[in-house]
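Since the structure comes first, as structure tokens, the remarks are kept for the end.
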There are 2 protein chains.
Amino acid sequence: MVDVSVAKSRRLPVMGDVARLAGVSHMTVSRVLNEPESVRPETRERVLLAIKQLGYRRNSAARSLVTRRSQTLGVVCFDTTLYGPASMLNGIVQATEEAGYAVSVASLRRPTAAAATQAVQRLVHQSVEGLVLIAPQAAEAMAFVRALPTDIPVIAVENALPSVTSVSVDQVLGARMVTEYLLSLGHETVHHVRGPSDWSEANGRVDGWVAALEESGRMVPRELVGDWSAKSGYLAGQKLARDRRATAVFAANDSMALGVLRALLDAGVRVPEDVSVVGFDDIPEGAFVTPPLTTVSQPFREVGRRSIEFLLGEVEGGEAGGVSSVIPPELVIRNSTSSRRP
Amino acid sequence: MVDVSVAKSRRLPVMGDVARLAGVSHMTVSRVLNEPESVRPETRERVLLAIKQLGYRRNSAARSLVTRRSQTLGVVCFDTTLYGPASMLNGIVQATEEAGYAVSVASLRRPTAAAATQAVQRLVHQSVEGLVLIAPQAAEAMAFVRALPTDIPVIAVENALPSVTSVSVDQVLGARMVTEYLLSLGHETVHHVRGPSDWSEANGRVDGWVAALEESGRMVPRELVGDWSAKSGYLAGQKLARDRRATAVFAANDSMALGVLRALLDAGVRVPEDVSVVGFDDIPEGAFVTPPLTTVSQPFREVGRRSIEFLLGEVEGGEAGGVSSVIPPELVIRNSTSSRRP
DNA sequence: CATGCGTCCGGTAACGCTAACATACGAACT
DNA sequence: AGTTCGTATGTTAGCGTTACCGGACGCATG
């Protein structure tokens, strides 16, 4: 007689146990799991029932050992408490799950080459099938490229690396839209508080701002440099408050814009009556500060979706990448901006 | 003669290849990797050299198949664009990496029982060795408990589940500190804009607030309900602005506090001169809004560190959990609060 | 009635690694 | 000198799954 008892043994059930209970071979169990249509409905039901009875679950290690696939993607990210990166990570994770892959995350404590290399190595060791880099710093980008394994597909988000497929929001366009909008309100020129020069997003926003000003033949003021933090924005705002000719300020992200706002208000400058201020990112709080912040909204979810689509294309199709995809952002006009009064 | 050539074959090198090149058996290679001190230094060097030459990497699937360990922890989280959860996730990921484990993330799109169950299943399928639940909603908590596999250790962050080890910030204490501080400034009582009732953090903050008021024998005003968003804070703020007796407001997070702030200012109420406002979380922007926000700072990194410590204790030691650890937060006083003027 | 073919299922051999036991060898003991 | 022991390495047998091939059976065809 076949032993059908749900053994008290601590051992987890394996395919063989299911097979015995269902009165088939373990191969049939495997087939039920992998290509159900290839087994007779009646048999299939018996197997499915046995699986349920035993609480059987396929051993993923054994499976990936023989298939040579881990069904896992790796994500490398830096500071995920910033709104932008957090949203991006979220978008990536959700898109990956939808595609039926697991996602393994490696977080960099500090943006150094050593940390980046180590993170990539760690993920490769976990035999991820593809790598997503949420790496906005150009310096890091270089480090990544050096550490990159040539044999697994990589996609860069928000940072175009040489010869790496990338998906990003059009920072240049976003900055143009802001600048052109401010000019259209009658401002002579637009001042800019930029992000750190090793972040490609910061550079893209500078480029768009400069381009828009030059195309309109405006003076390009000296840019102020921040580090994305509200504090650095505050410092920049203090300088701007002293400059009577600064009537429009474009800060490279919302946090800095809030800092600028506060510095101006502290200095007795009214926003938007005296000076218009625009941010970038569209953080949720932006609509509820005083005054509500005009900003640029980025389609993070779409970026995540498209990244994973491309990456899995390479993983599954084997086609080499190199394509870059750029998604347009959207200008969100609120009350921190107004027409220049003569 | 032994074949030592770095074969052109697409096949990745395996232990046997390294062994052949180093002139040892594959077991010696395994030992060099797992217990280096047990092999003679001279032999070890030869093996290490061969590994480097071939670019060999151990196959993690094969390894975990035989060791029955995946060296992976699973994290279930909900909305990681909120500052609190994002910080928590970050703390968890970093602590996990430091412990030499990989971290697999499952994100819930919506906080439903079905989504929660599915996420846990997915992670269990990936054979994670332990589970971290960043699940602040009580409703979800219940769903989790039902879906929980009994055979792998689980730790809950920021939410005490029955019979599950948990680590959290002392929300009750934080709320007490805020309330007592406001009372000490001379306010008759403190109004509260609470978070959603299915979030345990929201309830903890309500409890602390009520306790502090009752101990001082103060009237407990009817609480207003928000959903963590600045918008809901704004709505609450509009109501509070109409209530002349409301001189101190404690919002359950910073985003709502910003909303309250803005509603009050829009209604011509001065902060902090007429009304004091306090938030919770200490978002980075809090120091740079107008006026800078008094709030409560939570030690997210410490929570992450301690969670992983506990979880790995269970994973590796096999000891059952059930212990709960509570970490005190810190009151950060800025300028959105001032003494009640008679 | 033999043959061919399609459908369904089983047997066996990997996949790359580690656990457990086996062996060789020199040093240290009686 | 023979025995014992410890150290360094090798041999073998799985871990649980899927790939691959082959066999049994039913049905249609010559």
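In what follows, chains are A, B, ... by sequence order, proteins preceding strands, each numbered from 1. Hydrogens, waters and symmetry mates are skipped; everything else that's a heavy atom, side chains included, is used.
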Inset, instruction - Show the numbers, then the answer: is there a side chain to side chain donor-acceptor pair (under 3.5 Å) between B:Arg63 and B:Asn34? - result: CA-CA 11 Å; B:Arg63 181 171 158 80; B:Asn34 294 325; 3.1 Å; yes
Inset, instruction - Could you tell me, to 10°, how much the axis swings from one end of the helix from C:dC1-D:dG30 to C:dT30-D:dA1 to the other, five pairs per end? - result: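 Computed angle between terminal axes is 60°.
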Legend entry - Of B:Glu37 and B:Arg68, the one whose closest DNA chain D nucleotide lies more 5':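 Mapping each residue to its closest nucleotide by heavy atoms, the 5'-most match is B:Glu37.
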Legend entry - 5' priority, DNA chain D, between B:Val66 and B:Thr28 [closest heavy atom]: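 This one resolves to B:Thr28.
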Atom-to-atom span, [atom1] of [X] to [atom2] of [N] - whole angstrom:
X: A:Arg44; N: C:dT7; atom1: CZ; atom2: C1'; answer: 14 Å
X: A:Arg58; N: C:dC15; atom1: CZ; atom2: P; answer: 21 Å
X: A:Asn59; N: C:dG16; atom1: CG; atom2: P; answer: 17 Å
X: B:Asp17; N: C:dC15; atom1: CG; atom2: C1'; answer: 14 Å
X: A:Glu42; N: C:dT7; atom1: CD; atom2: C1'; answer: 15 Å
X: A:Arg46; N: C:dC8; atom1: CZ; atom2: C1'; answer: 12 Å

Are [X] and [Y] packed together at the side-chain level, in the sense that at least one heavy-atom pair is separated by less than 4.5 angstrom?
X: A:Gln126; Y: A:Gln121; answer: no
X: A:Ile92; Y: A:Leu73; answer: no
X: A:Val128; Y: A:Ile152; answer: yes

Side chains of [X] and [Y]: donor-acceptor distance under 3.5 Å anywhere?
X: B:Ser168; Y: B:Glu158; result: no
X: A:Arg306; Y: A:Ser325; result: yes
X: A:Arg109; Y: B:Asn90; result: no

Legend entry - Under 4.0 angstrom between B:Asn34 side-chain N/O and C:dT18 OP1 or OP2: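 For C:dT18, OP1/OP2 do have a side-chain N/O of B:Asn34 under 4.0 Å.
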Heavy atoms under 4.0 Å, any strand shown: does [X] hit a base, just sugar-phosphate, or nothing?
X: B:Ser25; value: base
X: A:Thr43; value: sugar-phosphate
X: A:Arg31; value: base

Inset, instruction - Please find the earliest and latest nucleotides of DNA chain D, in the 5' to 3' direction, that have an atom within less than 4.0 Å of any heavy atom of chain A. - result: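 So the contact region on DNA chain D extends D:dG16 to D:dC20.
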Inset, instruction - For A:Met27 and for A:Pro41, locate the closest nucleotide of DNA chain C by heavy-atom distance; then report the residue assigned to the nucleotide nearer the 5' terminus. - result: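 With A:Met27 and A:Pro41 compared, the 5'-side residue is A:Pro41.
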Inset, instruction - Could you work out which one of C:dC9, C:dT18, C:dG10 sits closest to the side chain of A:Arg40? - result: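 Nearest to the side-chain atoms of A:Arg40, counting from C-beta on, is C:dC9.
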